[in-house]
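Some notes on the structure that comes next.
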Amino acid sequence: MSRTILDVHVLQTVPPSNLNRDDTGAPKTAVYGGVKRSRVSSQAWKRATRLAFDALLDPQELGTRTKRVAELIAARIRELDPSVEEVEALALAAETVQTATGSKIEVPKRKADAAKKKGDKEPAPESAYLMFLSARQRDGLAELALEGREDIKAFLKEKENKARAKSVADTRHSVDIALFGRMVADGADVNVDAAAQVAHAISVHAVENESDYYTAVDDRNPEEDTGAGMIGTVEFNSATLYRYAAVDVDLLRRNLGEGLREDEPVTEPLRRAVEAFVRGFVESLPTGKINTFGNHTLPDAVVVKLRDSRPISFVGAFEEPVTAGAGHVAEASARLADHVSQVERAYGAEDGVDTWVVHVGERTAKLSGLGPVVSLPELVSQVGAAVAQRQAPTA
């Protein structure tokens, strides 16, 4: 059966940096091809991509992931009906979220005890774990809570209303939920399978972490005191990274469901989601130690492929680590260009594939043989249009 799969391949050079730390504060690493590589976890780049959506999409198309979901819905309840007091709104929200998702909502004991000791008011209830709901889902749950305001527990015990609550939480997903999924441990029926898969970024070459010894001077030190006010160390490395992500466009469309507006084509929400993902993933950067290193780079090259079969990562091009010559980018680009052609030829994966290439300078020029060379804005709009065309209803 024909599918629509979007593959995004990125080569990006990052100077001394610590994008993603382990539990000791050192940059994360992984062994691949028998040598240590720099690594940036998929979770770090997913979050960076999700944060980039704030500048790319309407807030109504996005979700919020928080334990304090009852607070969010309570605020919406009070916007819809200002006569509802805060305490009542929180109770209505908590009961409705519990019914809709199966997640228990209560005030954490440690926070309640701390509030009592300080004489503060009782803190807001929280879910047992992070809850991911779209703006439209939160609005729908707030409206349902108000409908059952008179006796919310009895209202939600009714079979029809309970089903409505679950339906509200499991439809009209935001773009970020549709792409990255949602797991609700106590309510598997409202789980969402992720349409996007993001690989751990790894360096195309071997790395060794380095350590920077630094000192800070106390501005109020007396002249005779020449010692540092603080000393410390921070670990870092520099790397040319291979980054990869895949999107199951068919699943993304199913996850998104109906559009925001009745007057727009059914493929329009999908087009916006795909364009936001491509741009957000390509241009985003995890912010670990960003103030320390200022490592604000953009990719050296981007290759996007739209397939009708299955996702294909080309990380195998770098199983043998690139060795330092005149840098790593030129050899990495040549390796990637050769590997892509060889893999697609060997597996007959050339048919039904659209390809776009963004590359910077002569070092990455060999990648231009893979497909049309475009700017990133052109790539984003052309990929979005191609997805919409492939997914358009047939007469």
Side-chain angles (χ1 to χ4, degrees), residues 10-55 65-68 108 110-111 113-114 117-118 123 126 129-130 198-244 280-300 318 321-329 332:
V10 179
L11 288 176
Q12 183 165 1
T13 301
V14 185
S17 55
N18 190 340
L19 293 176
N20 186 209
R21 304 189 290 275
D22 65 18
D23 57 341
T24 70
K28 289 184 177 179
T29 58
V31 173
Y32 181 64
V35 300
K36 185 193 291 186
R37 315 290 184 111
S38 176
R39 176 173 68 91
V40 181
S41 74
S42 60
Q43 292 89 339
W45 232 300
K46 283 178 188 176
R47 177 163 174 77
T49 303
R50 198 160 65 82
L51 292 177
F53 289 165
D54 290 342
R65 187 173 61 181
T66 179
K67 288 185 175 182
R68 305 177 73 167
R110 65 186 185 284
K111 292 189 176 181
D113 291 344
K117 288 179 182 177
K118 293 180 181 178
E126 296 181 359
Y129 38 79
L130 292 169
V198 177
H200 290 238
I202 61 169
S203 63
V204 302
H205 52 84
V207 300
E208 289 297 334
N209 289 343
E210 300 179 69
S211 184
D212 177 39
Y213 172 83
Y214 65 87
T215 65
V217 177
D218 187 333
D219 290 342
R220 299 286 292 172
N221 260 5
E223 208 170 289
E224 62 274 12
D225 188 351
T226 57
M230 183 181 74
I231 60 173
T233 59
V234 58
E235 290 194 58
F236 66 92
N237 61 38
S238 57
T240 296
L241 301 167
Y242 171 74
R243 299 167 47 205
Y244 170 72
F281 179 70
V282 168
E283 292 189 319
S284 64
L285 197 66
T287 56
K289 290 289 184 181
I290 198 77
N291 290 340
T292 300
F293 294 102
N295 46 271
H296 297 283
T297 64
L298 287 169
D300 302 286
F318 312 112
V322 172
T323 54
H328 295 109
V329 174

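Predicted, not measured: the structure shown is a model, and the values here were computed from it. Worth knowing before you read on, the calculation uses all heavy atoms, side chains too, and leaves out hydrogens, waters and symmetry mates.
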Query raised in the report: Could you give the distance from CG (Asn295) to NZ (Lys289), rounded to the nearest 0.5 Å?
Result: 12.0 Å

Query raised in the report: What are the two closest heavy atoms between Ala44 and Val40, and how far apart are they?
Result: CB-CG1, 4.1 Å

Query raised in the report: So, do Glu235 and Pro27 sit near enough that their side-chain heavy atoms are less than 4.5 Å apart?
Result: yes

Query raised in the report: Below 4.5 Å, heavy atoms only, C-beta onward: do Arg37 and Pro321 meet side chain to side chain?
Result: yes

Query raised in the report: So do Leu11 and Val329 actually touch side chain to side chain, heavy atoms under 4.5 Å?
Result: no

Query raised in the report: Of all heavy-atom pairs between Lys28 and Asp22, which one has the smallest distance, and what is that distance?
Result: CG-N, 3.9 Å

Query raised in the report: So how far is it from His200 NE2 to Ser42 OG, rounded to the nearest 0.5 Å?
Result: 3.5 Å

Query raised in the report: Should Phe293 and Val234 count as side-chain neighbours, where that means a heavy-atom distance under 4.5 Å?
Result: yes

Query raised in the report: So, Thr66 side chain and Arg68 main chain: donor-acceptor pair closer than 3.5 Å or not?
Result: yes

Report task. Answer yes or no: is there a donor N or O on one side and an acceptor on the other, between the side chain of Asn18 and the main chain of Gly25, under 3.5 Å? Result -> yes

Query raised in the report: Distance from Asn237 atom CG to Glu210 atom CD, nearest 0.5 Å?
Result: 8.0 Å

Requested in this report: Look only at the side chain of Thr297 and the backbone of Thr13, and say whether a donor-acceptor pair between them is shorter than 3.5 Å.
Outcome: yes

Query - Distance, nearest 0.5 Å, that separates OG1 of Thr292 from CZ of Phe236 - result: 11.5 Å

Query raised in the report: Can you name the nearest heavy-atom pair linking Ser238 to Pro16, along with the distance?
Result: CB-N, 3.6 Å

Query raised in the report: Between Trp45 and Leu285, is any pair of side-chain heavy atoms under 4.5 Å apart?
Result: yes

Query raised in the report: Quick one: does Thr240's side chain get under 4.5 Å of Val322's, heavy atoms only?
Result: no

Query raised in the report: Please walk me through it: do Ser38 and Leu241 pass side-chain contact (heavy atoms from CB on, under 4.5 Å)?
Result: CA-CA 8 Å; Ser38 176; Leu241 301 167; 4.2 Å; yes

Requested in this report: To the nearest 0.5 angstrom, please state how far the CD1 atom of Ile231 sits from the OH atom of Tyr214.
Outcome: 9.5 Å

Query raised in the report: Would you say the side-chain atoms of Arg243 pair up with the backbone N or O of Phe281, donor to acceptor, closer than 3.5 Å?
Result: yes

Query raised in the report: So, does Thr287 use its side chain to make a donor-acceptor pair with the main chain of Ile290 at under 3.5 Å?
Result: no

Requested in this report: Return the orientation label for the His328 and His205 ring planes: parallel under 30°, perpendicular over 60°, tilted otherwise.
Outcome: parallel

Query raised in the report: Heavy atoms, side chains only, cut-off 4.5 Å: are Asn20 and Pro286 in contact?
Result: no

Query raised in the report: For the atom pair OH (Tyr244) and CD1 (Ile202), what is the distance rounded to the nearest 0.5 Å?
Result: 13.5 Å

**Report entry** Contact check, side chains of Arg65 and Arg50, non-hydrogen atoms, under 4.5 Å
**Finding:** yes

